[in-house]
2 protein chains.
Amino acid sequence: MKDTKVQIVESAITVFNTDYSASLDMVAEKAGIHRRTLHLYFGNRQALIACCKAEMMTTCQQAMTVAYQASSDPAKQLELMLYAGIDCGAKYAFLDKIYGHTAYGDVTQDEKNGTYDSIKAKWFKVIASLQQNGLVNQQLSIAWIFALFGSMITNTINVSNSGDVAQNDIKAFAWYSFSKSIGL
Amino acid sequence: MKDTKVQIVESAITVFNTDYSASLDMVAEKAGIHRRTLHLYFGNRQALIACCKAEMMTTCQQAMTVAYQASSDPAKQLELMLYAGIDCGAKYAFLDKIYGHTAYGDVTQDEKNGTYDSIKAKWFKVIASLQQNGLVNQQLSIAWIFALFGSMITNTINVSNSGDVAQNDIKAFAWYSFSKSIGL
DNA sequence: GCTATATTTCACATTTATGTGAAATTAATC
DNA sequence: GATTAATTTCACATAAATGTGAAATATAGC
């Protein structure tokens, strides 16, 4: 039997992805528990959302790290990171709607320098490497490329949910369009 | 003195763009009237939102039509339509968050055929023309290209608001990235 | 100034989500 | 089986937004 707290968070993610303004009653029902129980674990709505976000952070971080380490070719790393972002984002789409993408400005200077060994730093290293070798359009600012990356992930998830594009094609389309959009 | 109803709608657009869950009191205050007055014009929240949407439809339609008619070169038409979309979307960003983009599936068959002379039909004509002449990647489905177009508009607006990219560069970046992303 | 229309004020009803307290019940552990 | 912990039930308090009625006031047009 799964930990109740985990169960609640998973239910919250599912429910909020369908409707972010859904009540806590709905989340509790989905988790198969009473709302009062939910409140024993999460004092209020904020706390629950924050927990969902934390969950996403670690999950995404892991998936991205795996993607990064799977190759030493920057272009391949970028491609795999895009796929990882799509897979991850599909599960946590509602958070994107609340918080929006992490803006470039939110990334600390240390992360840009690569001092901080976070996954974002790795992403920047990949782009920097591609740009230095002239494989990516050098006119485009990194902030723009970063935004494009997030935007392509969101778009891919939306299209995937809409059912307008064959599931098999989607990731290929996403990589094609993203890579071209940065001049790769 | 502006028509009260118009005033309300404009205020609603401004307020809801900042915070979609803002109360009607806030909208009324912004419009410089009493909430009771707002209710004389709009029975409920839904009605107000619907009116904002209708407003957007006509405004966008007009801007797109102007863009379309400004050139006979499909690529140029597409570029100008993208810019029109960005300008328009910036004002109505909150609607995008509620309704999402119009999915390809929402476009009627008549519109795809071009029987219906709507702006969407014109957009499809432009893409079809480019694809027939081999100027756009023929592997990509029209549904995907349509989604990309909307996604690029949303992304450009977000970036513009974030302030991370120089205002002068933004539209150029958007067109560069979008045109490349479809193989143009 | 009179009249018609638009707007405000005040008062209330309703709904919905939240959050909490305390006792009762259920499940788990030893 | 006794004890402890987790969960449910019921009851209530609160808060915030919404929608409406009716009288009072303001505004504009003639």
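Quick caveat, the model's predicted, so the values are computed rather than measured. Letters A, B, ... are given to chains in the order of the sequence lines, protein chains preceding strands, and every chain is numbered from 1.
Summary of helix geometry: the two end axes of the helix from C:dG1-D:dC30 to C:dC12-D:dG19, each defined by five base pairs via their C1' atoms, are inclined to each other by 30° (rounded to 10°).
Separating the CE atom of B:Met26 from the P atom of D:dA16 is a distance of 12 Å, rounded to the nearest angstrom. Distance, A:Tyr20 OH to C:dA17 C1': 14 Å, rounded to whole Å. What separates CZ of B:Arg45 from C1' of D:dA16 is a distance of 12 Å, to the nearest Å. Put simply, CG on B:Asn44 is 5 Å from P on D:dG19, counting in whole angstrom units. The nearest whole Å value for the distance from the CG atom in B:Asp3 to the C1' atom in C:dT5 is 14 Å. Atom-to-atom, CD of A:Gln46 to C1' of C:dG19 comes out at 14 Å; the value is rounded to the nearest Å. Taking atom CG of A:Leu48 as the reference point, atom C1' of C:dA17 lies 14 Å away to the nearest angstrom. Protein atom CG of A:Asp25 is 14 Å distant from nucleotide atom C1' of D:dT8, rounded to whole Å.
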### Task
Show your reasoning for whether side chain to side chain donor-acceptor pair (under 3.5 Å) applies to A:Ser21 and A:Asp19.
CA-CA 5 Å; A:Ser21 58; A:Asp19 173 16; 2.9 Å; yes
Under 3.5 Å, which protein N or O atoms sit close to an N or O of nucleotides 7-13 of chain C? Give each pair with its distance.
from  : atom 1 : to      : atom 2 : distance (Å)
C:dT7 : OP1    : B:Thr4  : OG1    : 2.5
C:dT7 : OP2    : B:Tyr41 : OH     : 2.4
C:dT8 : OP2    : B:His34 : N      : 3.1
C:dT8 : OP2    : B:Thr37 : OG1    : 2.2

For nucleotides 24-30 of chain D, print each protein N/O atom paired with a nucleotide N/O atom at under 3.5 Å, atom names and distance only.
none

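Using modelled atom types, one finds a donor on one side chain and an acceptor on the other under 3.5 Å when comparing B:Ser160 with B:Gln167. Looking at B:Tyr176 and A:Gln139, their side chains never bring a donor and an acceptor atom within 3.5 Å of each other. For the 3.5 Å distance criterion, the side chains of B:Ser23 and B:Asp25 fail to qualify, holding no donor opposite an acceptor.
Linking Ile, Leu, Val, Met, Phe, Trp and Tyr whenever their side-chain heavy atoms come within less than 4.5 Å puts B:Val27 and B:Leu40 in one cluster.
Ring geometry for B:Phe173 against A:Trp144 counts as tilted: the plane angle lies between 30° and 60°, on a 0 to 90° scale. Under the 30°/60° scheme for interplanar angles, the aromatic rings of B:Phe94 and B:Phe16 are found to be tilted.
Under a 3.5 Å cut-off, the side chain of A:Ser179 and the backbone N or O of A:Trp175 do form a donor-acceptor pair.
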